[in-house]
Amino acid sequence: MPLYYDLLQSEVGFIISECLMNLLLQGSVSVSMNIFQSRLCFVCSHLTSGHKDGDEQRRNSDVYEIIRRTRFSTVVDTNQSQTIPSHDQVFWFGDLNYRLNMSDAKVRKLVAQKRWEELLNSDQLHKELCSGRIFDGWKEGVIDFPPTYKYEIHSDRYVGVIPKEGEKKRSPAWCDRILWSGIGIKQLCYQRAEIRLSDHRPVSSMFLVEVEVLDHRKFQRALNASTAAVHPERFFDENV
C-alpha cells in the first residue's frame, strides 16, 4: 500500500528581553504531517530562560501562546486550519528551560551522587506536569541521565565548578526535554548524547507509533453494501 503523507509547517516567534540591549529570541517551529489516516505534529521550541522564582510561569505562558497561535492550513481546505491539539499524536521537544527548585550546592551534590529521582522531585517541569498546569495529559519518559545544562563548551564540566570572574551562576538542570501526547505511542528509549559543541547536551528518543491505515477495498465494499437497495417482501394482498 503506498504511503500517503503531506507536510505543513508553522512558525511562532516572540522576542523577550531582560534589558534593552539584551534581546533573546524565543519561539517554536512546528511541522504537521499525515501518515496514512493519522495526523502527527512535531513541535520544536525554545522557551523563556531564567532561574528566578516565577520564571516557570513565564515558560508555561510560552507553551499556551504557542498552542494558541500555531495553525496549519489543510491541503484540502485552506480556509479550515488545524491546531496542535487537533492531531492524533504530538511530539514536543527542545530547550524547554525548566529548572530545579533547589539550592545550587544541593543540586551539585545530588548530581555527583547520581540521585536523579530526588532531583526530579524538584524539577519544575515535573511539578507542572503532575499538577496539570501545563501539558495536561502529556507524558515524558524516565530520566536516568545527568542534567543537560549548563556545561563549559568542549568540556564535561558544569559551569560553576571552577568559578570565573564575571560568569553567571547556573545550576545544573534538565532544560532539554521530549514530551508526547496521543494514543498508540510507545517510547523505546530516552537518552542524551555526549556532544560537547554547546553548553547543552542534546537529548534524543525513539518511538514506536501506531497509525490508522484505511483498507480502500474493504471501505469500498462497505460503501457498496450500505447503498444497496433493499426491497421488502409484500405480506398483504393488494386486492383485499
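For reference, positions follow the sequence shown, starting with 1.
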Taking the cut-offs as 6.0 angstrom to the six-membered ring centre and 45 degrees off its axis, would you call R201 and Y151 a cation-pi pair?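 Yes, a cation-pi geometry.
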
[X], [Y]: one ILVMFWY side-chain cluster at the under-4.5 Å cut-off?
X: M206; Y: V203; value: no
X: Y98; Y: Y64; value: yes
X: Y149; Y: L96; value: no
X: I153; Y: V161; value: no

[Y] and [X], any side-chain heavy atoms less than 4.5 Å apart:
X: R192; Y: P146; answer: yes
X: L179; Y: L129; answer: yes
X: N97; Y: T48; answer: no

Between Q37 and V211, does a side chain to side chain contact (heavy atoms under 4.5 Å, CB included) hold up when you go through it step by step? CA-CA 7 Å; Q37 279 66 52; V211 297; over 6 Å; no

R99/E56 ion pair, N-O < 4.0 Å: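 Result for this pair is no, no salt bridge flagged.
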
Below 4.0 angstrom, N of the basic side chain to O of the carboxylate: do E117 and R115 qualify? no

Before giving the answer on side chain to side chain contact (heavy atoms under 4.5 Å, CB included), spell out for D199 and V159 the whole-Å C-alpha distance, their side-chain angles and the decisive distance to 0.1 Å. CA-CA 9 Å; D199 55 357; V159 167; 5.7 Å; no

Any donor-acceptor N or O pair under 3.5 Å, side chains [X], [Y]:
X: N60; Y: R58; value: no
X: S28; Y: H46; value: no
X: Q187; Y: S205; value: yes
X: N101; Y: S122; value: no

Working to the nearest 0.5 Å, report the span between [atom1] of [X] and [atom2] of [Y].
X: F93; Y: R177; atom1: CZ; atom2: CZ; value: 15.0 Å
X: C41; Y: M33; atom1: SG; atom2: CE; value: 9.5 Å
X: H200; Y: D95; atom1: NE2; atom2: CG; value: 4.5 Å
X: S171; Y: K150; atom1: OG; atom2: NZ; value: 11.5 Å
X: I134; Y: Q57; atom1: CD1; atom2: CD; value: 9.0 Å

More than 12 heavy atoms of other residues, nucleotides or ligands under 6.0 Å from [atom1] of [X]: is that the case?
X: D53; atom1: CG; answer: no
X: L188; atom1: CG; answer: yes
X: E210; atom1: CD; answer: no

Looking only at atom types and distance, does a side-chain atom of [X] sit under 3.5 Å from a main-chain N or O of [Y], one as donor and one as acceptor?
X: R108; Y: Y158; answer: no
X: D123; Y: L125; answer: yes
X: D88; Y: R39; answer: yes
X: S45; Y: L47; answer: no
X: T70; Y: I67; answer: no
X: S86; Y: Q82; answer: no
X: Q89; Y: I183; answer: yes

So, for [X] and [Y], which heavy atoms are closest and what is the spacing to 0.1 Å?
X: V111; Y: P147; answer: CG2-CG, 3.8 Å
X: P172; Y: D104; answer: CD-OD1, 4.3 Å
X: L100; Y: L119; answer: CD2-O, 3.3 Å

After noting the C-alpha distance and the side-chain angles of Q124 and R59, does the key distance pass the side chain to side chain donor-acceptor pair (under 3.5 Å) rule? CA-CA 10 Å; Q124 292 176 345; R59 291 184 267 276; 2.9 Å; yes

Indicate the ring-plane relationship of Y190 and F145, choosing parallel, tilted or perpendicular according to the 30° and 60° boundaries. perpendicular

Pair V29-F42, side chain to side chain contact (heavy atoms under 4.5 Å, CB included): steps then yes or no: CA-CA 8 Å; V29 175; F42 300 87; over 6 Å; no

Per the ring-ring contact (aromatic ring centres under 6.0 Å, His included) rule, which among F207, W138, W180 passes with F91?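 With F91 as partner, ring-ring contact (aromatic ring centres under 6.0 Å, His included) holds for just one option, F207.
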
H87: which of S181, S32, S38 passes side chain to side chain donor-acceptor pair (under 3.5 Å): S32

Before you tell me yes or no, could you show the steps for W92 and V63 under side chain to side chain contact (heavy atoms under 4.5 Å, CB included), namely the whole-Å CA-CA distance, both residues' side-chain angles and the distance that decides it to 0.1 Å? CA-CA 10 Å; W92 195 307; V63 172; 3.9 Å; yes

